Amino acid sequence: MSYNEIKTTIDIGNGRHIEISTGKLAKQADGSVVVKQGDTMLLATVVSAQEPKPGADFLPLSVDYQEKYASTGRIPGGFLRREARLSDYEILISRLVDRALRPLFPEDYHADTQVMISLISADKDIMPDALAGLAASAALAVSDIPFNGPISEVRVAKVDGQLVINPLLSELERATLEFIVAGTAQDIVMVEGESKEISEAEMVEAIEFAHQTIKKQVAAQVELSQLAGKTAKREYSHEPSNPELRDQIFAATYDKVYQVAKTASAKHDRSEQFKQIGAEFVQTLGEELDEDTAFLVKKYYHDVQYDAVRNLILNEGIRLDGRDSRTVRPIWSEVDYLPAAHGSAVFTRGETQSLTSVTLGAKDDEQLIDGAFIHGYNRFLLHYNFPAFSTGEVRPNRGPGRREVGHGNLAMRSLKQVLPTGDENPYTIRVVSDILESNGSSSMATVCAGTLALMDAGIKIKAPVSGIAMGLITDEKTGKYAILSDILGDEDHLGDMDFKVTGTEKGIVACQMDLKINGLKWEVLTQALEQAKEARLHILNEMQKTIAAPRADYKPHAPRIVSFSIDKEYIGAVIGPGGKIIQEMQRETGATIAIEEIDGKGVVQVFADNKSAIDDAVRRIKAIAAKPEVGEVYEGKVKSIMPFGAFVEIIPGKDGLLHISEIDWKRFETMDGIFNVGDIVKVKLLDIDKQGKLKLSRKALIPRPEKNEA
């Protein structure tokens with residue numbers, strides 16, 4: 001059996017190339033490709049059903065990115081020792097690809113569609129996430145599935161002052177900005193990333209730079225589809241249509257919907273009024289309301305709301321809650337709301353509210369990241385919860401979904417940039433945001449509440465961070481557009497852009513942008529960023545009225561950590577055989593002790609919620625790790641007795657010889673009856689010889705007797 005493999009290559013600069021091939025693997029999928037850079041290889045497949053499920057009025061698209069542990073020569077952890085549910089890291093990459101692909105499928109295409117991307121080989125310095133979007137789009141390009149692409153995704157970073165596409169993992173440690181940017185040959189469709197307080201102009205420059213490489217990768221996919229003979233797409237008919245019914249619905253409901261939108265009512269009141277208008281129209285249809293008609297009524301009535309709300313904003317500058325385009329909803333906040341937490345805050349902006357807590361933990365509380373590509377520990381965790389009651393809904397509590405993981409990650413990226421590092425922050429920190437109300441940008445409320453809670457906990461953050469969600473309404477025919485600050489949930493749903501920006505007074509620290517239209521001009525993006533800065537600074541000012549700087553100290557009930565270094569040669573002595581010594585110290589003092597070798601030193605952390613436990617543990621550890629010093633006086637324990645003297649342990653693990661001649665000024669013939677094993681004796685360290693043997697003296701601490709004394 002033979003195969004016809006087709007390849008194309010992309011030059012991404014600095015002697016680096018990406019190869020895309022098809023026709024060799026997974027040939028029963030509608031489309032499959034292998035994307036390779038260095039030793040990193042991704043297999044992407046796509047399959048789409050020939051017909052939609054009955055009644056489907058949306059695109060059931062699923063995107064899954066999964067890393068095979070064999071790709072890095074590792075065996076998975078856990079009881080089963082096999083790949084299981086997607087990790088948060090894999091979910092985040094799946095979301096990056098999904099958000100870039102989804103807007104470019106035809107609106108009337110409703111067939112079940114599944115995109116699967118597998119990391120099958122990994123170069124430890126070439127990050128696969130920057131190639132996942134390219135792989136998914138290339139699989140679509142060599143299929144017959146309708147798709148208004150191709151698209152591609154790249155990572156852009158500024159390393160040592162220079163913009164770089166798809167930098168090596170080792171280079172990212174020096175980066176001042178890092179964004180994943182997705183787009184077509186003409187437009188940007190998605191941006192997500194973090195930065196170190198950069199300017200708005202610097203962000204736009206990075207996105208424009210990324211787009212130049214995206215264009216090359218899109219062209220390569222077009223070439224690949226032509227070489228594979230896959231330029232024709234399948235014909236489909238997934239939606240009925242009835243232009244007369246559409247005109248009828250618009251004539252009967254548009255003006256009513258427009259007036260409701262103009263009344264500046266609350267979210268639930270407005271929703272109920274919209275539902276009532278739709279229900280009244282349905283009643284007029286009587287026996288005409290069959291299954292197809294009901295489907296079209298729902299679709300066309302959504303179009304009515306879409307057009308009415310957008311036209312109200314574009315023509316009259318009025319938003320659903322009565323604001324103009326730049327006004328941020330009223331804000332109130334409070335800190336120390338939860339008396340037993342180590343730090344807490346409530347942040348409310350309009351009808352969006354976050355209750356956020358901060359918990360301080362020890363090194364043992366670090367999160368183990370056990371992925372195929374990324375393996376290590378994480379000392380800063382942020383968890384975002386979005387219960388159904390926050391939007392007045394009822395649904396089962398099944399734990400965090402992909403949306404919660406993504407929103408939490410954006411807030412985590414934002415706050416991570418301002419956390420103290422090194423010895424300034426010995427804690428493992430967990431931030432939990434529980435969304436209690438939601439009507440627009442609960443992730444940005446999480447950033448604001450998280451900042452307040454960290455300052456309430458006494459964490460010395462470098463600067464407060466605030467966040468804002470921006471929206472965009474455009475009319476391609478007239479060229480009109482409106483940029484909206486602090487968007488509502490409906491404005492997100494009916495708008496053309498959801499652009500979240502977080503930052504300090506100095507600059508941007510994170511962003512997330514999703515576009516639903518083609519043709520976003522760079523000047524519009526620049527204007528949106530400047531308007532976002534204005535809103536961010538306004539919110540920051542409101543937050544600082546509640547708490548302007550981190551508290552001078554941690555809460556009285558917060559645990560304390562003492563960190564210090566010992567010589568690495570004493571690490572084993574502190575731990576003891578099988579962990580016996582350190583476990584005994586923890587049991588007897590009540591403190592948690594962690595020790596590890598860093599840069600040739602033993603770094604010790606002692607963690608407890610009371611000072612006496614810490615002091616006791618520190619004293620014991622320093623006694624073990626102390627270096628004997630000539631001339632110092634020690635209270636030692638007699639460990640053994642020999643005919644020529646006694647061996648005395650002056651510090652744990654360090655014995656010295658107290659020779660019979662150094663016990664007293666008077667002469668002893670034998671050691672009989674002088675000491676017992678276990679006796680405590682005060683001695684002075686006289687010398688340490690070249691072999692490290694200790695010479696002790698008790699006589700040196702006893703006054704020399706007068707010569708006439710017997």
Side-chain angles (χ1 to χ4, degrees), residues 194-197 333-347 354-367 377-385 408-434 443-467 502-507 509-510 536 539-564 592 594 603 605-611 614:
E194 59 190 74
S195 54
K196 299 187 183 301
E197 298 178 297
S333 57
E334 178 181 344
V335 295
D336 201 21
Y337 181 74
L338 304 174
H342 299 155
S344 64
V346 181
F347 179 86
S354 169
L355 171 62
T356 295
S357 62
V358 169
T359 305
L360 307 180
K363 179 173 177 56
D364 289 351
D365 295 310
E366 289 179 336
Q367 180 187 29
Y377 292 89
N378 177 27
R379 291 180 54 214
F380 178 54
L381 301 88
L382 192 148
H383 295 142
Y384 165 99
N385 299 315
N409 180 258
L410 176 60
M412 183 277 294
R413 285 175 179 264
S414 303
L415 297 176
K416 181 183 70 174
Q417 301 298 325
V418 297
L419 287 178
T421 56
D423 292 340
E424 295 178 354
N425 176 34
Y427 290 104
T428 295
I429 300 174
R430 182 182 185 229
V431 178
V432 178
S433 172
D434 291 301
S443 63
M444 296 297 93
T446 295
V447 171
C448 299
T451 294
L452 295 171
L454 285 167
M455 291 197 291
D456 180 53
I459 299 298
K460 304 301 186 288
I461 61 173
K462 298 171 186 175
V465 181
S466 63
T502 68
T504 66
E505 283 187 332
K506 290 183 179 179
V509 296
R536 280 194 298 106
I539 295 171
L540 202 56
N541 182 62
E542 294 298 309
M543 292 165 57
Q544 290 174 331
K545 293 176 183 178
T546 300
I547 183 169
R551 296 192 187 279
D553 196 8
Y554 307 117
K555 299 289 180 67
H557 56 279
R560 307 294 167 130
I561 292 181
V562 171
S563 297
F564 58 95
T592 298
V603 177
Q605 281 193 347
V606 182
F607 177 92
D609 57 6
N610 67 84
K611 188 175 185 297
I614 290 178

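None of the values given here were measured: they were computed from a predicted structure. The analysis underlying the following values was restricted to heavy atoms, covering all of them including side chains, and did not include hydrogens, waters or symmetry mates.
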What pair of heavy atoms forms the shortest contact from Ala345 to Leu452, and how long is it? CB-CB, 3.5 Å
Provide the closest heavy-atom pair for Leu382 versus Gly408 in the form atom of the first, atom of the second, distance. CD2-O, 3.6 Å
Supply the atom-to-atom distance Thr546 OG1 to Glu334 CD, rounded to the nearest 0.5 angstrom. 8.5 Å
Flag the pair Gln417 / Thr504 as yes when at least one side-chain heavy-atom distance between them is below 4.5 Å, and no otherwise. no
Does Gln605 reach the main-chain N or O of Pro426 with its side chain, forming a donor-acceptor pair under 3.5 Å? yes
Quick check: does any side chain N or O of Ser433 sit under 3.5 Å from a backbone N or O of Tyr384, one acting as donor and the other as acceptor? no
Are the side chains of Lys196 and Val509 in touch, meaning some heavy atoms are under 4.5 Å apart? no
Could you check whether any side-chain N or O of Tyr377 sits under 3.5 Å from a backbone N or O of Lys363, counting only pairs where one atom can act as donor and the other as acceptor? no
Nearest 0.5 Å please: distance from the CG atom of Asp434 over to the NE2 atom of His383. 11.5 Å
Do Ile429 and Leu360 have side chains that get closer than 4.5 Å, going by heavy atoms? yes
Please indicate whether Tyr337 has more than 12 foreign heavy atoms, meaning atoms of other residues, nucleotides or ligands, lying under 6.0 Å from its OH. no
So Ile539 and Arg536, side-chain contact (heavy atoms from CB on, under 4.5 Å) or not? Walk me through it. CA-CA 5 Å; Ile539 295 171; Arg536 280 194 298 106; 5.9 Å; no
Just so I know, are the side chains of Thr451 and Ile461 near enough to count as touching, which here means a heavy-atom distance under 4.5 Å? yes
Work out which heavy atom in Asp364 is nearest to a heavy atom in Ala594; give both atom names and the distance. OD1-CB, 4.4 Å
Can you tell me how far CE of Met412 sits from CG of Leu419, rounded to the nearest 0.5 angstrom? 10.0 Å
Provide the closest heavy-atom pair for Arg413 versus Ala510 in the form atom of the first, atom of the second, distance. CB-CB, 4.3 Å
Should the pair His342 and His557 be assigned to parallel (<30°), tilted (30 to 60°) or perpendicular (>60°) ring geometry? tilted
Tell me whether the count of non-hydrogen atoms from other residues, nucleotides or ligands lying under 6.0 Å of CD in Glu505 goes above 12. no
Check this for me: does any side-chain nitrogen of one of Lys416 and Glu194 sit under 4.0 Å from a carboxylate oxygen of the other? yes
Taking all atoms of both residues into account, what is the closest heavy-atom pair of Leu415 and Val447, and its distance? CD2-O, 3.8 Å
One should read off an interatomic distance between Leu381 CG and Thr428 OG1, to the nearest 0.5 angstrom, of 7.5 Å
Heavy atoms, side chains only, cut-off 4.5 Å: are Arg560 and Ile614 in contact? yes
Backbone N or O of Leu338 within a donor-acceptor pair of the Ser344 side chain at under 3.5 Å? yes
Leu454/Val431 under side-chain contact (heavy atoms from CB on, under 4.5 Å): CA gap, chis, key distance, verdict: CA-CA 8 Å; Leu454 285 167; Val431 178; 4.2 Å; yes
Sub-3.5 Å donor-acceptor pair from the side chain of Lys460 to the main-chain atoms of Arg551, do we have one? yes
Could you tell me the separation between the OG atom of Ser466 and the CD atom of Glu542, rounded to the nearest 0.5 Å? 11.0 Å
Check whether any side-chain N or O of Arg430 sits under 3.5 Å from a backbone N or O of Asp365 as a donor-acceptor pair, and report yes or no. no
Steps toward side-chain contact (heavy atoms from CB on, under 4.5 Å) verdict (Tyr427, Ile561): CA-CA 7 Å; Tyr427 290 104; Ile561 292 181; 3.4 Å; yes
